[in-house]
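Written below as structure tokens is the structure these notes are about.
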Amino acid sequence: MTNNLPLLNNNKSISNTIFNFLCALLIVSVFFTNLIHVRQMGTKLQLTEVIFLLLNPFIPYKKLIGYNLKHNRNFIIIVLVYLAFDLLSSVLSRDNSAILESAGRFYLLILFTILSYHFSTYNKALFLERVTKLMLFCSVIIILFATYGYTEAFTKGGSRFINTAHDYPYFGTMYRLIGPTIYPTMLISCLSVIILLLIGARPYTPLKK
């Protein structure tokens with residue numbers, strides 16, 4: 001029996017390492033939703049969902065449930081009540097798109113429980129360092145997409161990473177950056193999250209520059 005323990009611990013360690021890596025990848029993928037294009041689905045299948053499916057076998061479910069019941073119970077109950085009414089109203093409307101959107105909110109709650117547990121495994125300094133590195137990485141990639149998109153738009157008249165609005169009132173042709181996201185407004189939301197996190201983390205992390 002004792003001979004098997006190191007192997008068991010090894011497997012747990014490998015599983016935990018994969019879980020942590022996929023969680024980091026899951027966070028990064030939120031900023032890059034416009035990368036997968038399937039002929040029949042367009043951009044409906046997103047990178048985040050693919051990584052979420054890969055993540056499932058490595059989730060330590062007992063620890064995750066125990067942590068959320070202890071620390072997030074009231075929040076989760078309030079959100080579940082809201083989601084139940086939201087789903088009920090969607091079902092009563094008999095609108096398939098509304099039902100799918102309501103179901104998608106349950107998916108977001110599940111993502112919250114996973115990432116909330118994942119972040120709880122780090123102390124404050126390590127958490128801020130990891131998050132800062134992830135946000136900086138995402139910022140650099142978005143800048144590269146923006147540079148490529150605007151270059152392509154101005155030289156070729158259009159780009160997959162730029163939303164072109166012709167004959168816009170008072171301004172003529174407008175080029176709105178989409179980058180690696182699906183909509184310009186989604187990119188603004190992503191950039192807002194990055195900026196707020198970096199400003200908030202700056203006083204507490206050695207990665208100030």
Passing candidate, side chain to side chain contact (heavy atoms under 4.5 Å, CB included) with Thr48, options Phe32, Tyr107, Phe31: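 Only one option passes, and that is Tyr107.
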OH/Tyr67: more than 12 non-hydrogen atoms of other groups inside 6.0 Å: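 It does: Tyr67 OH has more than 12 such atoms within range.
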Going by side chain to side chain contact (heavy atoms under 4.5 Å, CB included), name the residues that satisfy it together with [X], two or more places apart in sequence or in a different chain.
X      : answer
Ser189 : none
Leu197 : Val131, Met135, Val193
Leu55  : Phe19, Leu22, Cys23, Leu26, Ile59, Ile114
Tyr150 : Phe154, Ile162, Tyr175, Leu177

4.5 Å side-chain heavy-atom contact, [X] and [Y]:
X      : Y      : result
Arg130 : Phe119 : no
Phe75  : Asn68  : no
Tyr183 : Asn163 : no

Residues that Arg105 engages under salt bridge (charged side-chain N to carboxylate O under 4.0 Å, His left out), provided they are two or more places apart: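 Asp86, Glu101.
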Residues which pass salt bridge (charged side-chain N to carboxylate O under 4.0 Å, His left out) with Asp95, listed by chain and number, not counting sequence neighbours: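 Per chain and number, Asp95 pairs via salt bridge (charged side-chain N to carboxylate O under 4.0 Å, His left out) with no residue.
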Ring centers of His118, Tyr122 separated by less than 6.0 Å: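 Yes; Tyr122 has its ring centre under 6.0 Å from that of His118.
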Asn72 and Thr113: side chain donor to acceptor below 3.5 Å: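 Absent: no donor and acceptor within the cut-off.
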Polar side chain donor-acceptor pair, Thr181 to Thr33, under 3.5 angstrom: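 Thr33 and Thr181 do not have a side-chain donor-acceptor pair below 3.5 Å.
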Atom [atom1] in [X], atom [atom2] in [Y]: separation rounded to 0.5 Å?
X      : Y      : atom1 : atom2 : answer
Ile142 : Thr147 : CD1   : OG1   : 11.5 Å
Asn123 : Leu128 : CG    : CG    : 9.0 Å
Ile51  : Phe21  : CD1   : CZ    : 8.5 Å
Ile27  : Leu134 : CD1   : CG    : 5.5 Å

